Structures are given as structure tokens and as C-alpha cells.
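Here's the structure we're looking at; comments come further down.
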Amino acid sequence: MINVAIDGPSGAGKSTAARMAAKTLGFIYIDTGALYRAVGVAALRWGIDTADGARVAAMLTEIKITIGFFEGVQHVFLNGDDVSEEIRLPEASMAASNVAAVPAVRAFLLALQKDMAAKNNCILDGRDIGTVVLPDAQVKIFLTASPEKRAERRYKELVEKGNIVDFNALLQEIIQRDYNDSHRAAAPLKQAADAVLLDSSDLSLEDTVAAIVRIIKEKAVLS
Ligand code: DC
């Protein structure tokens, strides 16, 4: 199986670009952030403080996270309940960032990710795919963009959906999440030594996808 790891900070356009690249190549796209978000949603539903690692870890015995694909679109289930929309709520983002710092949560989601990768030609996007989940992936890409560019893109997305948003608050949240994700002790966000760095600050989505596809074709022997 060909496994492609795409890691990078939030808002670098990983999921959209990875999904499109996977479609071009006929690979499955797996959004691993959705799994952390589902654990975050569980903690919110259970009324647990997401910063309380011990309680979050204890909750894991009560939850089962699974993923399924409908017409090529990934859905994530929490104890059989489709939470694919709920995980996109703003409060789920911070909850996910908090629970992702808990080692027991990372261990809990590891087998599911490895199992999916073993069975499919796939692109996984996340923070620690190239460093921890799939250290032997044939292709590793670290996709990033400046915090300002990422905030700008998110701002446009939200405004287009009719939301009223404060650009500076958005930028601060991105900087805070970057800090959380790259400074936690457990599997911090960091470029794998053998990953190709791709900065999308000045690239359109189409150019980013083209660059990803080119890197995959160069690194993996596609039949
Ligand atoms: O990519 P995202 O914004 O949906 O990810 C949600 C959170 O989960 C983010 O704060 C980082 C964390 N995460 C992680 O720690 N490891 C991954 N492989 C994917 C996401």
C-alpha cells in the first residue's frame, strides 16, 4: 500500500488539498484531525473539562470512535452516532487541541489510523503522521503557510458562510493553537526529517494540489 503523510499546522489547507490530491490519484483521504475532534466532542458531551487529562483519559473506556466513507466522504462516529457536523463547531476545535495533548488519547487513536493505512492506498493528514503514526510512509509532506495567510483564508471562508468574525481574534486563535500543538509533550507538531516542506502562503489551492501530486509521483512508485 502507498501511504502519504501530510502534516502541518491548522488552516494550512491540508484537508482540502489532501482530499483533492487523493481524488486525483484514486487514493482514500483520511482526516485524522476529525478523530481528535470526535474525542473532544465526547468530552464536551460528557461535561468533562477538556484540559483535565486524567478525566479525559478515564472517559476513553466509554467511547468508541469509528470512521466510514459515504460516496468518498469521510464520516466519523462516536459510539455509533454520526458526529461529522458537530466536530466542526468552533468549541470542538479547542476541545480537540486540548484532548490531543493527552498521551492516552493519542494511543487510543493510533491503532485505528495504522489499520486504515495498512489496508488502503491513502493520504492521511494530521500533525504527527510522518513522525509517529506512519514513520515508514513512502511520502511525507509538511504543508504550512504563514499564520496571517491562514487567518485570512479562514476569515474569507467564515464570511462567505455569513458569519461575523473578528480577524484579529481568528489570528490569535491560530497562533494559540499552533503553540498548543507544537509545544505539547506528546507527539508535538513537527516536520519529520525526511518530509518535503511545502509552503502554501503564496500558492493557490490548485497549485498546492498540483505540487502535492507531483511530490507523491516523484517519491512513490505509482503503478
Ligand atoms: O486538523 P484539525 O484542526 O481538524 O485538528 C484538530 C486538533 O487535533 C488540532 O488541534 C491538532 C490535533 N491533531 C493532532 O494532534 N494530531 C493529528 N494527527 C491530527 C490533529
Side-chain angles (χ1 to χ4, degrees), residues 3-19 22 28-44 50-51 53 56-57 60 63 65 67 73-76 78 83-117 122-135 137 140-145 147 149-151 153-155 157-158 170-192 195 200 208:
N3 290 167
V4 178
I6 302 188
D7 293 300
S10 0
K14 291 191 305 291
S15 51
T16 312
R19 185 180 303 114
I28 282 186
Y29 160 64
I30 301 169
D31 167 9
T32 66
L35 306 174
Y36 290 90
R37 287 171 177 270
V39 175
V41 162
L44 294 173
T50 55
V56 170
L60 297 174
I63 67 171
I65 308 283
I67 47 182
V73 178
Q74 176 182 309
H75 286 246
V76 58
L78 166 60
V83 290
S84 308
E85 286 189 15
E86 202 173 333
I87 60 168
R88 300 296 158 201
L89 295 174
E91 58 268 34
S93 300
M94 228 6 131
S97 182
N98 283 339
V99 301
V102 180
V105 170
R106 308 204 70 83
F108 177 75
L109 296 175
L110 192 62
L112 172 59
Q113 296 173 78
K114 279 185 179 289
D115 188 50
M116 293 297 299
C122 57
I123 300 183
L124 282 85
D125 99 46
R127 303 295 187 286
D128 63 337
I129 308 302
T131 50
V132 177
V133 180
L134 303 174
K140 298 181 186 179
I141 298 171
F142 195 81
L143 181 62
T144 189
K149 280 280 178 185
R150 289 186 277 136
R153 290 174 188 162
R154 184 88 185 111
Y155 180 83
E157 235 174 64
L158 289 168
L170 214 55
L171 178 60
Q172 286 316 311
E173 197 197 302
I174 283 182
I175 292 171
Q176 181 63 46
R177 275 221 281 157
D178 281 359
Y179 187 87
N180 281 359
D181 294 343
S182 51
H183 286 79
R184 65 180 180 223
L189 167 67
K190 123 172 160 256
Q191 184 181 343
S200 75
T208 307

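Side chains are part of it too, since the values below use all heavy atoms of this structure and drop only hydrogens, waters and symmetry mates. Here the structure is a predicted model, which means the values were calculated and not measured. When a ligand or atom number is given, it counts from 1 through the structure's own listing order.
- Nearest protein neighbour of atom 7 (C) of ligand 1, counting heavy atoms only, is Ala96 CB, 3.7 Å.
- No donor-acceptor contact under 3.5 angstrom links the side chains of Arg153 and Thr16, judged on distance only.
- At the shortest separation from atom 19 (C) of ligand 1 among protein heavy atoms lies Thr32 OG1, 3.4 Å.
- For ligand 1 and Gly126, the ligand atoms under 4.0 Å from any heavy atom of the residue are 17 (C), 18 (N), 19 (C).
- Taking any N or O of Tyr36, backbone or side chain, none lies under 3.5 Å from an N or O belonging to ligand 1.
- Looking at atom 16 (N) of ligand 1, its nearest protein heavy atom turns out to be Arg106 NH2, 3.0 Å.
- Proximity of Ser97 to ligand 1, defined as any heavy-atom pair under 4.0 Å, is shared by backbone and side chain alike.
- Contact between Arg184 and ligand 1 is present, with at least one heavy atom of the residue lying under 4.0 Å from the ligand.
- At under 3.5 Å, not a single nitrogen or oxygen of Asp125, backbone or side chain, sits near a nitrogen or oxygen of ligand 1.
- Between Ser10 and ligand 1, a contact under 3.5 Å exists for no N or O pair.
- Among all protein heavy atoms, the one lying closest to atom 20 (C) of ligand 1 is Gly33 CA, 3.6 Å.
- Of the protein's non-hydrogen atoms, the one nearest atom 4 (O) of ligand 1 is Arg37 NE, 2.6 Å.
- Taking any N or O of Ser93, backbone or side chain, none lies under 3.5 Å from an N or O belonging to ligand 1.
- Checked by atom type and distance alone, the side chain of Lys14 never pairs as donor or acceptor with a backbone atom of Asp31 at under 3.5 Å.
- Among protein heavy atoms, atom 1 (O) of ligand 1 sits closest to Arg127 NH1, 3.0 Å.
- One finds the CG atom of Leu189 at 11.0 Å from the CZ atom of Arg177 (value rounded to the nearest 0.5 Å).
- Arg154 has its side chain within reach of Glu157: a pair of non-hydrogen atoms, C-beta onward, lies under 4.5 Å apart.
- Close approach to Ala100 involves these atoms of ligand 1, each under 4.0 Å from a residue heavy atom: 12 (C), 15 (O).
- An N or O contact shorter than 3.5 Å is missing between Lys14 and ligand 1 by distance.
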